[in-house]
Every structure is written in structure tokens, then in C-alpha cells.
Amino acid sequence: MSRRTAPEDRVSSPHKIAYGIGGFVNNLLAQGIGNMMVVLNLALGMDFRVVGLLGGLPRLFDAVTDPLVGFMSDKTRSRWGRRRPFLFAGAIAAGVVFALLWQMPAPTQFRLKLVDYGADGVYSGEETGEPAGLLESIGNMLKGVVTVEVTDDAEDEVTILPPALVTGGWVSVDVPLADFDQLATREHLSQILISGDLTEVYVDNVYLYRSDDATRPEPSGRDSDGAVAPNTAAPTPKVPAEDVISLFSGAYDDVPVQFWSTAWDRADVADGQAGGDDVKHYTNMRFAAIDFGETPVDARGMTHVHMDVWTPEATGEGWSQGTYFWYFLIGSLVFFLAYTVFATPWVALGYELTPDYNERTRLMGVQNFVANIAFIVGPWFLVIMTNPEWFRNQMAGARFLALAICATTIVLGVLPAIFLRERVPTGGEGEDRGGFGKSVIEFLRGLWQTVKTGPFLMLCIATFLIFNSFIMISQFQFWIFVYYVSGANVAEGAGLAGLVGTLGIFVTLLVIAAVTWLGTRIGKKNAFFAATGISMVGYALKWVCYTPEYPLLALLPAPFLAFGLGGLFTLMGSMIADVVDLDELSTGERREGMFGSIFWWVVKLGQSVAIGAGGFLLYSTGLDPALGAAQPEGTIFLLRFYDAFVPLVASGIAIFVIHRYPITEKRALQVREELERRRGAGAA
């Protein structure tokens with residue numbers, strides 16, 4: 001049984017929560033910069049490879065600045081302490097820079113979505129033209145997960161950007177059906193949805209056609225010099241009638257269309273005239289649904305969709321791709337510097353809030369619980385930004401979300417700086433450190449002393465193995481759910497993955513409390529063995545529970561798996577705080593910032609390596625999404641093998657490494673007593 005924590009060593013519950021709020025802000029910013037970058041592709045049309053560079057290069061810079069900021073905060077002497085000035089300034093700077101990062105102007109968007117309801121003529125479990133509500137849609141998804149029903153719906157969207165759009169002139173939009181690459185079937189086309197930034201558009205000549213040229217033709221049209229309505233007709237179609245399925249055109253015979261704007265879309269439509277031709281006039285448009293009703297279109301022989309569009313509204317091309325790149329790259333470098341100025345001293349502050357062996361575990365448990373709330377809200381960022389009912393385009397959604405994250409970061413991020421106090425005495429204000437040259441030598445010496453500290457290396461290696469083996473195979477679960485459990489049904493596999501992920505997040509919050517309690521009863525090392533061992537059971541269960549016969553069995557491993565990362569990051573912070581004391585006993589210096597920054601540098605470096613290695617592992621399975629259910633022989637076996645046994649083996653090695661970790665509760669107490677004999681106990 002562990003000894004009782006002295007009252008003066010306890011951190012009050014409000015102060016634990018205040019420290020945890022710093023972790024929430026830390027994770028919120030990380031979730032924001034990671035989950036929002038898809039907008040660079042969707043709204044700005046940037047190349048995936050360029051976006052990859054924009055994601056990777058600033059993180060390399062971040063890895064370099066972590067130890068520098070940690071060293072600076074260790075050596076800072078001020079009336080407010082070592083960490084609090086960094087926390088206060090870093091929270092404000094990180095929030096402001098994050099908001100500015102997403103204020104880029106986006107090119108005007110005009111989006112076309114094609115929807116195929118499949119042979120059953122239903123979508124999301126509802127009759128054609130009658131969309132399900134949010135709760136009903138969730139219920140239908142869960143029913144599909146339980147029953148493994150085959151969903152034959154398919155849809156995809158294509159975005160038209162300037163210069164393919166002009167103001168006050170007819171533009172002929174021709175899109176190859178091959179561009180709708182997620183539209184797996186075209187046999188029962190039931191809807192065309194139009195959306196984007198334009199609130200008023202005139203539409204003519206809506207048809208599908210067949211052409212030997214599979215490329216997207218150059219846009220054509222005639223300017224009308226600032227007119228508020230088209231006074232000339234749209235270009236006359238030249239495609240032979242036998243190669244056309246017309247929905248609306250004076251040049252062809254039209255097939256039936258039930259609605260040009262449904263009761264549930266966000267647009268008003270009226271019949272109009274342009275140069276003597278009939279047109280459809282959309283106003284107040286967020287998105288409009290052209291619904292074919294009970295007569296879906298068989299477009300298997302068609303190659304393109306055509307629509308003539310006229311708008312009186314201004315259209316803009318935004319910035320050049322080069323300008324976007326340099327703005328976001330430079331902004332990201334500044335953001336990550338501000339982020340590090342906040343995050344690294346925040347980590348270090350947690351190591352010195354209490355000198356008690358068990359209270360450190362309780363502190364980190366509360367911190368991890370509060371911080372993990374960010375992972376519940378983070379996955380919804382893309383849903384918020386791309387909601388057409390709220391925002392005209394994804395960039396408008398990103399601007400709003402960035403401002404919300406900015407305000408949250410500033411308001412919550414300064415709370416640890418205001419309410420928390422350092423306890424360990426570190427010398428007087430304005431201490432002479434001997435200039436720049438001596439500081440560089442001190443930094444390099446401190447860096448070397450940190451990385452060669454044996455117990456600290458054990459913690460870094462164990463974290464590297466557990467966390468990065470999880471990251472390495474993180475993609476595999478989705479593909480297993482799609483191509484093994486759900487029989488190549490992407491929507492159903494995604495639904496199952498979402499259900500399992502959500503369960504895992506909520507169980508992790510309970511696991512944090514359980515591991516915190518366990519660590520104060522049987523010791524941190526033994527709690528690590530227990531938590532990691534339970535997660536290994538979860539990895540082994542994947543092999544038998546991920547099965548097409550009983551899809552819901554996939555939920556069973558999730559509570560066991562939650563012990564892996566939930567236990568890891570609850571215990572590691574507490575154990576590193578003990579290492580900091582041991583290091584002070586050996587060197588006479590307090591270097592919480594250096595230890596914290598090096599630990600998280602190892603995590604970030606390992607994450608980059610793991611993502612790359614995971615890509616190679618995935619490639620080695622032979623997985624080809626284009627083949628659907630007909631994957632190469634052995635592919636499913638390798639996916640399942642890597643998913644279950646790579647993290648299982650890595651976790652076993654981590655347990656072996658920590659087996660030799662030397663700091664027990666008894667040893668930590670001895671170190672503390674000797675330190676306090678030397679330099680005093682510090683303020684409560």
C-alpha cells in the first residue's frame with residue numbers, strides 16, 4: 001500500500017483542472033492544424049503533394065524549436081516564474097496566428113454532385129426525395145452496421161473554379177463523368193445537386209452526353225458587360241441528339257424531372273427567359289437539388305455532364321498557388337513557434353506542481369482526462385467546415401472555425417499562467433548566465449545530459465514503441481472493416497469504424513481514471529504493465545473479433561485497446577517528473593523543460609517515421625481499392641496480421657524495457673528528501 005500524500009503536497013482539484021485545460025488547448029491546436037488542412041485541397045485546389053509538404057516541413061521546424069524553448073524556459077528567471085510568462089504570451093500568440101493562418105481568399109466555387117440511389121430507389125433508408133433527419137440517419141447507419149445490409153447508393157462531387165466561371169456571361173460547364181470517381185454506378189442517377197458560393201444563377205441546357213473526348217472541354221461563353229440578367233441565349237448545343245440524355249434544353253427532347261428544387265434544399269427556383277430561350281433562375285441558393293423522382297436516368301453510356309450557367313455575381317480566382325503555398329508555410333512556421341512557446345513550458349510546469357510520487361499520477365490523470373476532450377470535438381471540424389447550410393464554401397467554414405479556436409485558445413490558454421505556481425526554488429531573478437556563447441554550451445551540455453539519462457531513455461523507448469506502432473497501423477482498421485468485415489461496402493465500413501472509434505474515445509476517459517487509481521495503489525511501473533498488458537489482449541482480440549459473420553464483435557476489442565494510449569500518457573508524465581528529480585540529484589539543475597521537450601520530440605519524430613512505415617506496410621499487402629471485394633490473395637490476411645500483431649509485439653517489447661525502470665515509490669521518496677535537504681522544499 002502506498003503512503004498517504006501530505007496535505008501540503010496536494011494539488012487542489014481546481015488547479016488540476018486548470019493544468020488539464022492547458023492540455024485541452026494543446027490538443028485543440030494540434031487537432032485544428034491537422035484536421036483542417038484538407039480545406040487546402042477542397043477550397044483552394046492545392047495539390048495533395050504540396051499539402052503534404054505544408055504539413056511536414058513546419059513539424060520539422062517544430063521538432064528543432066522544442067528543445068530550444070525548453071532550455072530557455074528552464075533558464076528564465078522572472079518575478080512571475082520560469083513557465084508562466086511563456087504560457088501567457090504563447091497562448092495569445094498561438095491563437096492569433098492560428099486565426100490569421102486561415103484567412104486566405106478562396107476562388108469562387110460552383111459544385112456539381114451526382115447521386116445514384118441504386119436499384120432500390122432509396123437513399124439513407126428513406127424514399128427518394130425525402131431525406132432522413134440527423135437522428136434517423138444515425139439510426140439507419142447503426143442498423144446497417146448490425147445487419148450488414150448492402151447499401152447500393154453512390155455519389156460524388158466535382159468543384160468548378162475560375163477561370164471556368166465568369167461574371168455576367170454564359171459559361172458552358174462540361175465535366176467528364178470519370179471525374180466523379182466515387183460514383184461507382186451510373187445506372188440509376190436520381191439527383192444533380194448544385195451548390196457553392198453563388199447565390200443567384202441562371203441555368204440552361206442541362207444534359208448528359210457521350211463523346212469520344214474524355215477530357216474536360218475549355219469553358220466557353222459570352223460576356224454581357226455587367227448585366228443583372230442574361231439578355232442573350234446560352235450557347236446552342238452541338239452534340240448530336242442520339243448522344244444526349246437531356247434534362248432541360250430547347251435543343252433536345254427532355255426526360256422527366258420531378259423537382260428543379262426540392263422542399264428540403266436551400267434555394268428558390270423560377271422559370272425565366274434569356275434571349276428567347278427558357279431558363280431556370282435560382283435565387284437565395286445555398287444548394288439546390290434537381291430530383292428525377294421515380295424515373296432515374298441510366299447514364300452508363302454517357303461520358304460527360306453539361307450545364308450552361310450565368311451569374312451576375314462577382315467571381316474571383318483567389319491567390320496563385322505559389323502565394324497560397326508561401327503564405328501558409330511561413331504562417332505555419334510562426335504558428336508552430338508560438339505553439340511551442342505555449343506547449344513546452346506547459347509540459348514542464350506539470351513536472352513541478354507537486355513533489356509527491358502519487359500526487360503526480362493524480363495530476364496527470366486529471367490532465368489527460370481534460371485534454372482528451374479535444375479528441376471528441378476534433379473529428380467534427382471537417383463536418384463543420386463543409387456544411388453547406390452554414391457556409392458557402394469550405395474556406396468560409398475554416399475561417400469561422402479558426403476564429404472560434406483562436407478565442408478558445410486565448411481564453412482558456414492563459415488560465416494555467418494565471419492560476420498555477422511553480423514550487424521548486426531555482427534561484428533569483430536576473431541571474432547572470434555569461435552571454436550567448438556560454439548559453440550555447442549550456443544548451444548542448446544539457447541536451448546531452450538529458451538524452452543519456454537511463455531511466456528517461458527507457459520511458460522514451462517504451463513510448464516510441466507503443467504510440468508509434470499504434471500510429472503505424474492506424475489506417476489498417478478502416479480497410480479491414482471495408483474489405484473484410486463489410487464485404488467492400490465503403491459506407492458501412494466507415495460507419496463501423498466511426499462507431500468503434502467513438503466507443504474507444506469515451507472508454508479512454510474511463511481508462512484514465514482507472515489507471516490513475518491503479519498507479520497510486522500498485523506503483524507506476526506495475527500500472528504500466530497492467531495497462532499495456534490489457535491493451536495487448538485487445539490487439540489479440542482483433543484477430544477473432546473482426547469478422548464478417550458478426551460485425552458488432554468489432555466493438556469488443558475497443559475497451560481493451562483504450563488502456564494502451566490512455567494508460568501510456570497518464571503514467572509517462574508522472575514518471576518523467578520523477579526522473580527530473582533524479583537528474584537534479586545528479587546534476588544540481590532543474591531541467592523540466594528540456595526533459596519535456598525531448599520526450600515530445602521523440603513522440604513527433606516517431607509519429608513521422610510511423611506514418612511513413614505504415615504506408616509501406618499498407619503497400620506491401622497489395623491492397624487496391626479499385627478492385628473492390630476482389631482483392632489479391634493474401635491481402636486481407638496481411639492487413640489483419642499487421643493490424644493485430646505489430647502493436648502487440650511492440651507493446652511486449654515496451655514492457656520488457658520498462659521492466660528495468662529503477663524509480664519506485666521508495667526510491668522517489670529518498671530522492672525527494674535528499675533534494676529538499678539541499679535546496680529546500682519549495683512553496684506549497
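For the single chain, residues carry numbers from 1 onward in sequence order.
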Could you label the plane-to-plane angle of the Phe98 and Phe335 rings as parallel, tilted or perpendicular, counting under 30° as parallel and over 60° as perpendicular? tilted

Can you check whether Trp346 and Phe86 have ring centres sitting under 6.0 Å from each other? no

Under 4.0 Å between a Lys/Arg side-chain N and an Asp/Glu carboxylate O for Arg360 and Asp9? no

When rounded to the nearest 0.5 angstrom, what is the spacing between CG in Leu349 and CG in Leu420? 5.5 Å

Are Leu353 and His15 side-chain neighbours, meaning at least one heavy-atom pair lies under 4.5 Å? no

What do the steps show when you test Met36 against Leu401 for side-chain contact (heavy atoms from CB on, under 4.5 Å), and what is the final call? CA-CA 9 Å; Met36 291 174 63; Leu401 186 58; 3.9 Å; yes

In Å and rounded to the nearest 0.5 Å, what is the OH to OG1 distance from Tyr539 to Thr532? 9.5 Å

Are any of the side-chain nitrogens in Arg678 or Glu673 under 4.0 Å away from the carboxylate oxygens of its partner? no

Counting distance only, does the side-chain N/O of Ser574 pair as donor-acceptor with the main-chain N or O of Thr361 below 3.5 Å? yes

Only pairs at least two apart or in different chains count here, so list each salt bridge (Lys or Arg N to Asp or Glu O under 4.0 Å) that has a residue in residues 10-25. Arg10-Glu359, Lys16-Glu359

Looking only at atom types and distance, does a side-chain atom of Gln31 sit under 3.5 Å from a main-chain N or O of Val377, one as donor and one as acceptor? no

Output yes when a side-chain donor or acceptor of Arg640 lies under 3.5 Å from a complementary backbone atom of Trp543, and no otherwise. yes

Mind running side-chain hydrogen bond (donor to acceptor under 3.5 Å, both in side chains) on Thr587 and Glu589 for me, showing each step along the way? CA-CA 5 Å; Thr587 65; Glu589 299 181 56; 4.9 Å; no

Do the non-hydrogen side-chain atoms of Asn372 and Asn368 ever get within less than 4.5 Å of each other? yes

Please output the side-chain donor-acceptor pairs of residues 500-514 that fall under 3.5 Å, not counting sequence neighbours, one pair per line with the distance.
from, atom 1, to, atom 2, distance (Å)
Thr502, OG1, Gly498, O, 2.9
Thr508, OG1, Gly504, O, 2.7

For the student: nearest non-hydrogen atoms of Cys545 and Leu556, plus distance: SG-CD2, 3.7 Å

Does Phe456 have more than 12 heavy atoms from other residues, nucleotides or ligands lying within 6.0 Å of its CZ? yes

Please lay out, stage by stage, how Val64 and Trp601 fare under the test side-chain contact (heavy atoms from CB on, under 4.5 Å). CA-CA 8 Å; Val64 172; Trp601 180 84; 5.9 Å; no

Do Lys542's NZ or CZ and the ring of Phe645 fall within the cation-pi criteria of under 6.0 Å and 45°? no

Are Thr5 and Asn358 linked by a side-chain donor-acceptor pair shorter than 3.5 Å? no

Rounded to the nearest 0.5 Å, what separation is found between the CG atom of Asp643 and the CD1 atom of Ile480? 3.5 Å

Side-chain (Arg660) to main-chain (Met458) donor-acceptor, under 3.5 angstrom: no

Mind checking the OH-CG spacing from Tyr661 to Asp578? Nearest 0.5 Å is all I need. 5.0 Å

Hey, what do you get for OG1 (Thr516) to CZ (Arg521), rounding to the nearest 0.5 Å? 11.0 Å

Decide, yes or no, whether a salt bridge links Glu584 with Arg591 under the criterion of side-chain N to carboxylate O below 4.0 Å. no

Step-by-step salt bridge (Lys or Arg N to Asp or Glu O under 4.0 Å) determination, Glu592 to Arg82: CA-CA 11 Å; Glu592 295 94 340; Arg82 295 184 295 168; 3.0 Å; yes

If I compare all heavy atoms of Pro662 with all of Pro455, which pair ends up nearest, and what's the gap? CG-CG, 3.7 Å

Can you give me the closest heavy-atom contact between Gly413 and Pro416, atom names plus distance? O-CD, 3.2 Å

Would you say that Ile466 contacts Phe470 through its side chain, given a criterion of any heavy-atom pair below 4.5 Å between the two side chains? no

Give the intermediate values and the outcome of side-chain contact (heavy atoms from CB on, under 4.5 Å) for residues Leu28 and Leu412. CA-CA 11 Å; Leu28 181 70; Leu412 298 183; over 6 Å; no

Test item: Val602 and Thr463 side chains (from C-beta on) under 4.5 Å apart, heavy atoms: no

Please give me the minimum heavy-atom distance between Ala654 and Leu465, naming the atom from each residue. N-CD1, 3.8 Å

Is any side-chain heavy atom of Val69 less than 4.5 Å from a side-chain heavy atom of Pro345? yes

Would you please indicate if the ring centroids of Phe569 and Trp600 are separated by under 6.0 Å? yes

Look only at the side chain of Asn468 and the backbone of Ala610, and say whether a donor-acceptor pair between them is shorter than 3.5 Å. no

Answer yes or no: is there a side-chain heavy-atom contact under 4.5 Å between Val341 and Leu87? no

Evaluation steps, side-chain contact (heavy atoms from CB on, under 4.5 Å), between Met364 and Leu571: CA-CA 7 Å; Met364 294 302 168; Leu571 295 168; over 6 Å; no

What is the minimum heavy-atom distance between Phe560 and Ile534, and which atoms define it? CB-O, 3.6 Å

Ring centre gap for Phe595 and Tyr351 strictly below 6.0 Å: no

Separation of Tyr357 OH from Asp581 CG (nearest 0.5 Å): 12.0 Å

Could you check if a side-chain atom of Tyr339 sits within less than 4.5 angstrom of a side-chain atom of Asn26, using non-hydrogen atoms only? yes

Using a cut-off of 6.0 Å, state whether more than 12 heavy atoms not belonging to Phe88 lie near its atom CZ. no

Shortest non-hydrogen contact from Phe61 toward Leu333: CE2-O, 3.3 Å

Just jot down the side-chain contact (heavy atoms from CB on, under 4.5 Å) partners of Ala93, sequence neighbours excluded, or say none. Ala338

Keeping the roles fixed (side chain from Asp62, backbone from Pro58), state whether a donor-acceptor pair exists under 3.5 Å. no

Is it the case that Arg83 and Ser73 place a side-chain donor and acceptor less than 3.5 Å from each other? yes

Take a 6.0 Å sphere around CH2 of Trp80 and say whether it holds more than 12 heavy atoms from other residues, nucleotides or ligands. no

Is there side-chain contact between Ile655 and Met536, with at least one heavy-atom pair below 4.5 Å? yes

When you check the gap from the basic side-chain N to the acidic O, do Glu352 and Arg590 get nearer than 4.0 Å? no

